[in-house]
Number of protein chains: 2
Amino acid sequence: MSTYTIGLDFGTESLRALLLDLGSGEEAATEVFEYPHGVIDQKLPCEPGAPLGPNWFLQHPGDYLAGLEAVVPAVLQKAGVEGSEVIGIGLDFTACTVMPTDEEGTPLCLKPQFEGDPQAWVKLWKHHGASAEAEQIIEVARQRGERFLDYSAGTLSSEWLLPKVLETLNRSPGIYEAAHTFVEGTDWIPWQLTGRLVRCACCAGYKAHYVHGVGYPSADFLRAVHPELGSLFEQKLRGPVVAAGTPVGGLKPEWAEKLGLNAGTPVGAGLIDAHMAVVGAGITEAGKMLLALGTSFCHMMMGREEKFFEGLACMVKDGILPGYYCYESGQTAGGDIYAWFVRRCVPDDCAREAEEAGMNLHELLSRRAASLAPGQSGLLALDWWNGNRSILMDAELSGLLVGATLNTRPEEIYRALIEATAFGTRRILQAYGEAGVAIEQLIACGGMPEQNPFAMQIFADVCNMAIEVSASSQTAALGSALCGAAAAGKERGGFDSLEEAARSLVKPNKRTYQPDPVAAGLYDELYREYLILHDYFGRQERLMHRLRAMRARHSG
Amino acid sequence: MSTYTIGLDFGTESLRALLLDLGSGEEAATEVFEYPHGVIDQKLPCEPGAPLGPNWFLQHPGDYLAGLEAVVPAVLQKAGVEGSEVIGIGLDFTACTVMPTDEEGTPLCLKPQFEGDPQAWVKLWKHHGASAEAEQIIEVARQRGERFLDYSAGTLSSEWLLPKVLETLNRSPGIYEAAHTFVEGTDWIPWQLTGRLVRCACCAGYKAHYVHGVGYPSADFLRAVHPELGSLFEQKLRGPVVAAGTPVGGLKPEWAEKLGLNAGTPVGAGLIDAHMAVVGAGITEAGKMLLALGTSFCHMMMGREEKFFEGLACMVKDGILPGYYCYESGQTAGGDIYAWFVRRCVPDDCAREAEEAGMNLHELLSRRAASLAPGQSGLLALDWWNGNRSILMDAELSGLLVGATLNTRPEEIYRALIEATAFGTRRILQAYGEAGVAIEQLIACGGMPEQNPFAMQIFADVCNMAIEVSASSQTAALGSALCGAAAAGKERGGFDSLEEAARSLVKPNKRTYQPDPVAAGLYDELYREYLILHDYFGRQERLMHRLRAMRARHSG
């Protein structure tokens with residue numbers, strides 16, 4: 001009998017499942033489920049749905065469960081595999097994607113008395129409603145010299161857990177009070193499936209300031225932020241912190257029935273989706289950077305040293321594989337910017353031409369823009385449509401385009417936006433280099449390398465480094481399936497460790513983008529201009545912040 | 001018997017004619033003719049049509065003549081007026097819109113041996129191919145301390161005559177050599193109609209540095225610019241300089257037949273279209289500024305003093321009405337920017353919605369954007385899509401948009417672009433104020449006040465001044481018709497002077513936009529941010545110039 005595991009990858013727009021054949025390492029089947037409510041950014045999905053401010057991004061937890069019930073039976077059926085052949089389940093999730101729940105794990109937003117309050121809903125990773133809270137927390141932590149801040153470049157993002165929870169306490173004390181716990185999606189799913197609540201070390205470390213060997217920020221510090229926040233970690237974030245692939249428990253009978261699996265099937269503790277992709281890309285050593293290029297971008301690399309430097313958004317010991325420091329940097333929007341442009345800014349003659357050519361708009365714009373040399377459009381952009389995570393750590397920054405003329409064409413802007421995100425990545429690589437952290441190899445995964453070869457070539461040219469593409473199209477889901485194999489353990493047909501599973505089963509990278517020396521030279525020139533804009537608007541002139549403040553004033 | 005005159009307004013996209021009833025002052029009929037070749041910015045309209053670089057904007061002179069033959073008979077027919085009732089013709093034209101011709105006035109581009117050379121064609125006012133030439137001319141003039149520069153703020157624009165002609169000499173010496181004369185459209189049309197070539201004082205003063213009482217720049221200076229340029233004014237710009245409304249001559253029989261008018265009908269010397277609008281708006285005294293808001297924007301005001309200050313693009317004594325200094329400032333793109341946005345950047349869902357609502361896209365975007373408060377979008381733009389004419393006098397500047405987020409919507413960008421052009425106007429008004437030149441009244445004319453009340457209200461709010469709208473929808477064409485009346489003279493049923501014609505026949509302004517105090521306060525705040533961007537990119541940081549240079553390198 002063959003053995004299989006299932007990897008579940010909860011992304012921003014959809015859930016993907018991957019059925020992995022542990023004998024061959026082949027992906028026996030995959031399935032995607034688009035969340036019915038998608039990203040909620042206009043109004044709450046209830047009656048009457050309260051309108052949301054700008055920078056609000058929520059999700060519906062029912063979408064996650066509906067997805068489970070759809071994708072797990074689907075991959076079994078597609079591959080003709082019996083549920084009894086599945087020996088483990090693993091998962092990854094976007095983070096910090098967090099919700100308040102009651103004692104049983106029911107999200108407060110699904111209870112009629114709370115559903116009308118935006119604070120009761122799942123705050124998606126890119127929710128930026130807690131900027132003021134983030135600033136306050138930073139200020140208090142700096143004043144008190146809190147050491148946990150060292151692990152996140154001396155600052156923290158409004159996307160992380162503390163600002164998001166403090167926002168709830170500030171805006172809806174009743175929701176905060178009613179919350180038995182705040183839980184990341186990464187931990188909520190195993191809780192639902194097994195009845196046991198643990199906290200994955202990755203989310204705890206990256207999003208909630210848990211430091212290996214030290215623990216969470218202290219109650220004293222929390223009280224200094226807000227008198228009622230003191231018991232947050234002690235009471236509302238209870239649960240052991242465990243490494244990825246650790247068995248959380250066995251599948252509950254009711255879920256076994258819904259999913260068509262055996263009751264008791266081990267469910268492994270998860271990782272943040274981006275970090276899981278490191279596992280799925282087969283990276284098991286230091287010096288190899290994974291570029292997870294999806295709606296947003298993550299740059300992750302394992303190293304042997306504890307090292308603090310600008311551009312490092314966060315560092316967590318054992319954050320992916322035990323024994324390594326995991327360095328993480330990121331760009332808060334990547335594919336999101338291209339998608340915004342295609343949706344909001346491309347005229348109907350392009351739409352018609354794309355339809356006639358049987359292409360999507362990305363393909364059409366790529367084809368048109370491919371004939372341009374770097375610099376030829378005269379355009380340059382800053383990739384801050386959703387703020388800047390690494391280097392500047394500033395969510396209040398915004399997008400900028402310069403160089404427009406009456407001849408500027410849509411494909412030129414499209415290319416400039418891709419180039420801007422590539423410059424953002426290069427700026428991060430530059431920071432690693434300046435810190436003496438050697439990057440020996442770049443491996444990409446995510447939607448961009450799968451769908452946008454045009455953008456990939458620009459990234460290789462801008463960074464002037466070869467970029468390999470990981471073998472699997474579902475790197476995170478594959479990593480999750482490997483976690484399932486680690487949770488099952490060798491005796492049940494799995495593996496003793498996640499590292500061993502990755503070494504044994506991940507296939508070689510499938511493609512390499514080599515930099516073009518001429519383009520790279522031109523991009524050196526454009527990058528110098530990018531740096532001028534970056535430092536002027538990012539460090540010197542607070543104009544973007546004032547515009548953001550004016551905007552916030554009108555949006556209540 | 002009634003008497004009539006015909007005003008001809010040669011614009012960027014079309015020719016408009018207006019038949020004016022001199023008895024009542026009523027506009028008896030109007031007609032518009034779209035130029036078949038429009039603005040030529042991609043390739044020459046001949047086989048094989050040479051491709052044009054960015055910043056190239058040409059026109060086809062045959063379009064002007066075809067237009068004459070279409071519109072003159074059309075207005076007569078519409079109004080049921082006999083050609084014999086028309087006692088004079090006047091005209092205005094965009095400028096500097098200049099072409100090389102042979103001795104008979106045939107444009108070189110219409111001769112087979114020259115048609116393949118872009119330099120043989122009509123260079124439209126906004127043609128920006130002569131930037132390097134403009135820089136060289138400025139440098140030489142400054143070194144030599146040429147006084148004519150004082151009348152154009154110590155600099156000159158690549159849009160003016162000398163750079164455009166020097167570009168021809170540099171790139172196509174053969175065309176320069178073959179050119180018997182270089183002639184503005186304003187002067188070419190009367191030449192065609194009457195057989196006599198004069199130079200209107202307005203074009204000579206504003207575009208060719210002709211200073212009242214002094215003359216054109218000297219041959220010495222021209223030789224210092226280029227050894228073969230010395231005889232330019234003496235030989236290739238021959239013809240008396242005359243004031244608007246001066247009779248150039250009588251209509252030639254062949255043209256009388258084509259147009260359905262009497263041979264010998266007086267044709268009056270013209271003005272630049274923007275300046276003619278001052279006449280058509282009934283402005284006959286100092287302190288009233290006309291905002292000509294069309295594809296580009298012109299700000300014109302008459303004053304009693306010779307005064308030099310930053311923001312004044314040009315000053316010409318007797319440039320409109322005799323006895324006044326005419327101050328002129330301008331923005332090189334206005335409605336052009338909104339049109340660019342609507343054509344290149346508005347997605348098909350907007351197009352569908354507009355179609356369903358029976359609106360054009362400007363109306364749809366205006367309706368959507370009307371509910372936004374100033375600052376609410378978080379966006380801010382610099383209105384330099386075609387460079388900056390007044391204040392910075394720099395054609396190498398380019399458009400900028402800052403504040404974009406993943407929630408930014410098309411109507412927000414549309415509004416930001418309108419606001420940016422309004423800030424550009426306010427910056428010019430500020431310069432007049434700082435120079436102690438009092439502006440007592442703002443009167444608008446052109447496409448914007450006719451078609452875009454949403455933009456007009458933004459202009460009133462941004463400038464925090466009432467803006468009146470001139471009575472006629474065809475201000476320039478009306479002014480031209482008044483010139484026809486002046487050319488005819490009192491004896492033939494016209495007027496002794498252009499000033500008298502304007503005082504007698506122009507109706508009161510038809511509408512006033514009052515500033516909203518709340519919006520004006522918010523715009524004060526945004527305007528401060530605009531000034532920061534204006535001065536950083538316009539005076540301090542040469543990034544836009546370097547981007548432009550990279551672009552030029554690829555465009556040959």
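What you see is a predicted model; the values in this text were computed from it and never measured. Here is the naming used below: chain letters follow the sequence lines, and residue numbers restart at 1 for every chain.
Among A/Leu522, A/Leu397, A/Val342, A/Asp349, the residue making the largest number of heavy-atom pairs under 4.5 Å with chain B is A/Leu522. Looking only at heavy-atom pairs under 4.5 Å with chain B, the residue among A/Asn55, A/Leu533, A/Leu543, A/Leu372 that has the most is A/Leu543. Contact count versus chain B (heavy atoms, under 4.5 Å) is highest, among A/Thr408, A/Leu380, A/Leu382, for A/Thr408. Residue with the most contacts toward chain A among B/Arg528, B/Arg352, B/Arg409, B/Met544: B/Arg409 (heavy-atom pairs, distance under 4.5 Å). Contacts with chain B were tallied for A/Phe57, A/Tyr536, A/Phe341, A/Trp340; A/Tyr536 has the most, counting heavy-atom pairs under 4.5 Å.
In summary, the aromatic rings of B/Trp121 and B/His37 are positioned with their centroids too far apart to meet the 6.0 Å limit. Ring centroid separation for the pair A/His362 and A/Phe454 does not come in under the 6.0 Å cut-off.
At a threshold of 4.0 Å, the pair B/Arg368-B/Glu353 counts as salt-bridged, since one of the basic side-chain nitrogens sits closer than that to a carboxylate oxygen. A salt bridge is absent between B/Glu525 and A/Arg546: the closest approach of a Lys/Arg side-chain nitrogen to an acidic carboxylate oxygen does not fall below 4.0 angstrom.
For B/Asn407, the parts lying near chain A are the backbone and the side chain together; criterion is any non-hydrogen pair under 4.5 Å. With a threshold of 4.5 angstrom between heavy atoms, B/Trp385 approaches chain A through its backbone and through its side chain.
For B/Arg426 and B/Tyr527, the positive end sits near the middle of the six-membered ring, less than 6.0 Å away and at most 45° from its axis.
A donor-acceptor pair shorter than 3.5 Å can be found between the side chains of B/Glu159 and B/His128. A donor and an acceptor atom, one from each side chain of B/Glu419 and B/Tyr523, are located under 3.5 Å apart. Defined by atom type and a distance below 3.5 Å, a donor-acceptor pair is present between the side-chain atoms of A/Gln331 and A/Asp383.
Judged as a salt bridge (Lys or Arg N to Asp or Glu O under 4.0 Å), the pairs with a partner in residues 336-346 of chain A (not counting sequence neighbours) are, in order, A/Lys126-A/Asp336.
For residues 399-406 of chain A, a heavy-atom distance under 4.5 Å to chain B picks out A/Gly399, A/Leu400, A/Leu401, A/Val402, A/Gly403, A/Ala404, A/Thr405, A/Leu406, given by residue number.
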